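Okay, structure first, notes after.
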Amino acid sequence: MIINPILNSDSYKLSHWAQYPPGTQGMYSYVAARGGTASHVLFFGLQSLLKDYLSQRITREHIDEAEAVVALHGLPFNRAGFERIVQQHDGYWPVRIRAVAEGELIPTGIPMITIESTDPELFWVVSFLETALLRVWYPISVATRSFRAKEIIRRYLQQTADDLSGLPFKLHDFGARGVSSYESSEIGGLAHLVNFQGSDTLAALVAARRHYHEPCAAFSIPAAEHSTITAWGRAQEGEAFANMLTRFAKPGALLAVVSDSYDVFHAVSELWGERLRQQVIDSGATVVIRPDSGEPVQVVAEVVERLAASFGTTVNSKGYRVLNHVRVIQGDGVNLASIDAILSRLAKLGYSADNVAFGMGAELLQKLDRDTHKMALKCSAICINGEWRDVFKDPVTDPGKRSLGGRVVAARDSRAAWGVNTLERVSDIDLQMHVVWENGRLLVDETLADIRARAALHLEER
């Protein structure tokens, strides 16, 4: 996709350069979550955004196109300012960006990103870039939801499973078709992979290779969809299942078969549990049965009970039953609440969380917005005639929207508690932000492996 960097903004930003006080020479802003559905957010996605957007140079062709569009649009156009970017800064935005490390779990209210101008004549670019930079809300929100799902699943595995070895594959990304664009599937799908290693979103694998140096960020298995079962006809559903075994079942393999095309309980008990039972056992594979309709808690519990009756179970060291030869994946109606409810029900019935995995689609990648965590980018300081001044908003109608003042940064004290300090007062030891981008240069280029390790450490601490 070809994007004109100048037009990657909001219309009203085009006149802001003329609205600041005379003598303005510098601007400083920050990005933070102001609240929402969680007390902490998992920071991720800035590196990808910087590589995709800020690394693109502004050209005179961009300026010409933008000027023509803006003239028709009815707004003023600062051609001299954009030409200065081309002439003096080789087409790169003159800004310095600091950020906390990706994969950090950040309390709401703490700055995750700061952006400041580096050219006194172009101070206004900080505000102009808000539209593009604030889109980091999306990968942060997906990574946070995925992290919270991992917390829930981990808790039940700790209670009911011998170990946590299956955790990385317990939540599979089914969301590629449920998002608004290919770009969303790249960004959101990659954000999920900070926490898990199962995905059917191929775009996320491409993004991980391109932006975070990860050769293969996720894995999948052969899986049926309804058309590959119903194409055989209702009377031949058993033959469709048998074909999956013939094609893909071998010792140590995993394959998933959607089994609710007609009657999931008949399919589980009569077809899988009787007709194909020995073929499943003899294959040495693990067959993952996928129910895809009905009330998730009730359906998963009954499917597990029927599979246990047919294939038997093994009691693990925690005293919970684990299915032999088969597993279940629930991909319909999956959200944080239903994951918790399903695993709670299974535990009460004496079954380990090892028996079930989850697939999440639009709930993971699409059913979020900027207000999920109340993400905002706010100006907090401005330099006028060489003097820095605090800038903040404090609306009487909504105290929750009060913003921070000063050149604020994220810091930690001697007890490792997160807090807010300013550049003038914070020590190098306490400062939790590093310059990641300056005047067109990416200064920190992390791997997904390092970010995953950082996020996993926070999971252990909670």
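Keep in mind the model is a prediction, meaning the values are calculated, not measured.
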Tell me, which pairs form a salt bridge (Lys or Arg N to Asp or Glu O under 4.0 Å) where one or both residues lie in residues 328-347, sequence neighbours left out?
-> Arg155-Asp340

Kindly say whether Lys374 contributes a backbone atom to a donor-acceptor pair with the side chain of Asp371 at under 3.5 angstrom?
-> no

Taking only residues two or more places apart in sequence, or in another chain, which ones meet Arg210 in a salt bridge (Lys or Arg N to Asp or Glu O under 4.0 Å)?
-> Glu186

Quick one: does Arg60's side chain have a donor or acceptor within less than 3.5 Å of a partner on Val86's backbone?
-> no

Compile the donor-acceptor pairs under 3.5 Å between side chains in residues 188-199 and protein atoms, sequence neighbours left out, one pair per line.
residue: His192; atom: ND1; partner: Ser146; partner atom: OG; Å: 3.0
residue: His192; atom: NE2; partner: Leu171; partner atom: O; Å: 3.0
residue: Asn195; atom: ND2; partner: Ala143; partner atom: O; Å: 3.1
residue: Asn195; atom: ND2; partner: Ser146; partner atom: OG; Å: 3.1
residue: Ser199; atom: OG; partner: Thr201; partner atom: N; Å: 2.9

Aromatic ring proximity Tyr20/His16, centre distance under 6.0 Å | no

Val179 side chain reached by Tyr138 side chain, heavy atoms, under 4.5 Å | yes

Phe44/Tyr212 aromatic ring centres below 6.0 Å = yes

Side chain to side chain donor-acceptor pair (under 3.5 Å) pairs, two or more places apart, involving residues 29-42 | none

Given salt bridge (Lys or Arg N to Asp or Glu O under 4.0 Å), test Glu460 with Arg154 step by step and report yes or no.
-> CA-CA 10 Å; Glu460 293 288 336; Arg154 183 177 185 270; 2.9 Å; yes

Taking only distance into account, with no hydrogens and no angle test, what donor-acceptor pairs under 3.5 Å do side-chain atoms of residues 118-129 form with protein atoms, sequence neighbours excluded?
residue: Thr118; atom: OG1; partner: Pro94; partner atom: O; Å: 3.1
residue: Thr118; atom: OG1; partner: Asn439; partner atom: OD1; Å: 2.7
residue: Asp119; atom: OD1; partner: Arg84; partner atom: NH2; Å: 3.4
residue: Asp119; atom: OD1; partner: Glu121; partner atom: N; Å: 2.9
residue: Asp119; atom: OD2; partner: Arg84; partner atom: NE; Å: 2.8
residue: Asp119; atom: OD2; partner: Arg84; partner atom: NH2; Å: 3.2
residue: Asp119; atom: OD2; partner: His89; partner atom: NE2; Å: 2.7
residue: Ser127; atom: OG; partner: Lys13; partner atom: NZ; Å: 3.0

State whether Glu446 and Arg454 are salt-bridged, where the test is any N-O pair (Lys NZ or Arg NE/NH1/NH2 against Asp/Glu carboxylate O) under 4.0 Å.
-> yes

For the residue pair Gln47 and His211, confirm or rule out a side-chain donor-acceptor distance under 3.5 Å.
-> no

List the steps and the verdict of side chain to side chain donor-acceptor pair (under 3.5 Å) for Glu225 and Ser227.
-> CA-CA 6 Å; Glu225 70 171 18; Ser227 74; 2.5 Å; yes

Among all residues two or more places apart in sequence or in another chain, which pass the ring pair (Phe, Tyr, Trp, His ring centres under 6.0 Å) test with Phe43?
-> none

